[in-house]
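Take a look at the structure below.
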Amino acid sequence: MSNIIIPKELDMADKLALMNEDAQYEVGVDGEAESTALLCAADIKGRPGPPKVPKMFLSSACVFNCAYCGNRCGREERTVYSHTSSELAKIAVDAAKRNGHGVFVSSAIHKNADYTQELLAECVRVMREELFYYGYIHAKVMPGADPLLIEKTGKYANRLSVNIEVAQSSGYERIAKQKNKANILTPMGNIAEQIQSAQYDRRQFAVSQTTQLMAGSTGEDDRTIMTLSGAL
């Protein structure tokens, strides 16, 4: 008889435990998160710091194999999970209410960029229109996502983000072969255009975008990263 391992059926408690494990180092400081920043813990000089926004994951089942990521598809002995859009919306609203500063909804690239972005767009729609959450939402945009899906997401989010990750385009070949300059910068440009357009036609859309870059991921020091970032 062959040794067939049947994956365990995950219940919601299992999914939440795995998501919390993934997010334990991902609680980000977001300077745009609501006016409740004044209620945050003071920094070492006694001044109030910006709010910390919890990060909620739609899925950890990624089709990319980025060397730095704990959710990479090539990682052995990992248990993956996925939420429906409605499930994540409920989890995110509950977290936002507990936290008091909003929430960040993100995901691994599940199946493909457009499939994942469609689910995230539906999640933030449910948060606003069905769960009546009107606080701060930061939503992730997948590399290479369709502009129409970015528009659907930005209609309900306050802030969007696409991660640059590396300072030089050559770095993608080394640590993130399925990402490239085009599928990162194209959605970032689209977001910028839609933010500007919304200001003129009074269309509802996110008011800002952000990104992140990993210091030293391909051997650069901080000074080099600052110099090279603009050349991506």
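Every value quoted in this text rests on a predicted model; they were computed, and no experiment measured them.
- The CZ atom of F205 sits 12.0 Å away from the CD atom of Q196 when rounded to the nearest 0.5 Å.
- In this structure, OG1 on T186 lies 11.0 Å from CD1 on I191, to the nearest 0.5 angstrom.
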Query raised in the report: So E130 and R125, salt bridge (charged side-chain N to carboxylate O under 4.0 Å, His left out) or not? Walk me through it.
Result: CA-CA 8 Å; E130 296 183 19; R125 185 200 68 78; 2.6 Å; yes
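- Relative ring orientation between Y134 and F132 is described as tilted, the plane-to-plane angle lying within the 30° to 60° band.
- At least one donor-acceptor pair closer than 3.5 Å links the side chain of E87 to the backbone N or O of T84.
- Closest of all the heavy-atom pairs between V93 and Y133 is CG2-CB, 3.7 Å.
- Here the side chains of T211 and S161 are not in contact, with every heavy-atom distance at 4.5 Å or above.
- Side chains of M127 and V103 form a contact here, defined as non-hydrogen atoms less than 4.5 Å apart.
- Proximity of a side-chain donor or acceptor of R159 to a complementary backbone N or O of H138 within less than 3.5 Å is not detected.
- Within the 4.5 Å cutoff, the side chain of K140 has no heavy atoms near those of the V105 side chain.
- With hydrogens and angles ignored, the 3.5 Å screen pairs no side-chain donor or acceptor of D114 with any backbone N or O of A145.
- You'll find the side chain of L120 reaches within 4.5 Å of the side chain of M142, heavy atoms only.
- Side-chain contact between S59 and F57 is absent, with no heavy-atom pair separated by less than 4.5 Å.
- Considering every non-hydrogen atom in both K155 and Q204, the closest pair reads O-NE2, 3.0 Å.
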Report task. Could you go through the salt bridge (charged side-chain N to carboxylate O under 4.0 Å, His left out) check for K90 and D94 one step at a time? Result -> CA-CA 6 Å; K90 177 65 166 59; D94 288 345; 2.7 Å; yes
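- The shortest distance between side-chain heavy atoms of Q117 and T153 falls below 4.5 Å.
- Without hydrogens or angle criteria, N158 side chain to I137 main chain gives a donor-acceptor distance under 3.5 Å.
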**Report entry** L131/V126 under side chain to side chain contact (heavy atoms under 4.5 Å, CB included): CA gap, chis, key distance, verdict
**Finding:** CA-CA 6 Å; L131 300 179; V126 171; 4.2 Å; yes
Report task. Apply salt bridge (charged side-chain N to carboxylate O under 4.0 Å, His left out) to the pair E118 and K111, showing each step before the final yes or no. Result -> CA-CA 11 Å; E118 184 78 56; K111 297 188 179 180; over 6 Å; no
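- Here T116 contributes atom OG1 and I109 contributes atom CD1; the two are 6.5 Å apart, rounded to the nearest 0.5 Å.
- Both I91 and V124 belong to a common hydrophobic cluster when Ile, Leu, Val, Met, Phe, Trp and Tyr are linked at side-chain heavy-atom distances under 4.5 angstrom.
- At least one side-chain heavy atom of R203 sits under 4.5 Å from a side-chain heavy atom of S197.
- A donor-acceptor pair is defined here as one N or O able to donate and one able to accept, closer than 3.5 Å; such a pair exists between the side chain of Q209 and the backbone of M188.
- Taking hydrophobic clusters as Ile, Leu, Val, Met, Phe, Trp and Tyr residues chained together by side-chain heavy-atom distances below 4.5 Å, M12 does not share a cluster with V80.
- Classified by interplanar angle (parallel below 30°, tilted 30° to 60°, perpendicular above 60°), the ring pair Y115/H110 is perpendicular.
- In the hydrophobic clustering of ILVMFWY residues, with side-chain heavy atoms under 4.5 Å counting as a link, L185 and L149 come out apart.
- Rounded to the nearest 0.5 angstrom, D146 CG and N112 CG are separated by 11.0 Å.
- Contact between M56 and A92 at its shortest, heavy atoms only, is CG-CA, 4.0 Å.
- Atom CD of E193 sits about 10.5 Å away from atom CD1 of I195, to the nearest 0.5 Å.
- Looking at heavy atoms from C-beta onward, L58 lies out of side-chain contact with S82 at the 4.5 angstrom threshold.
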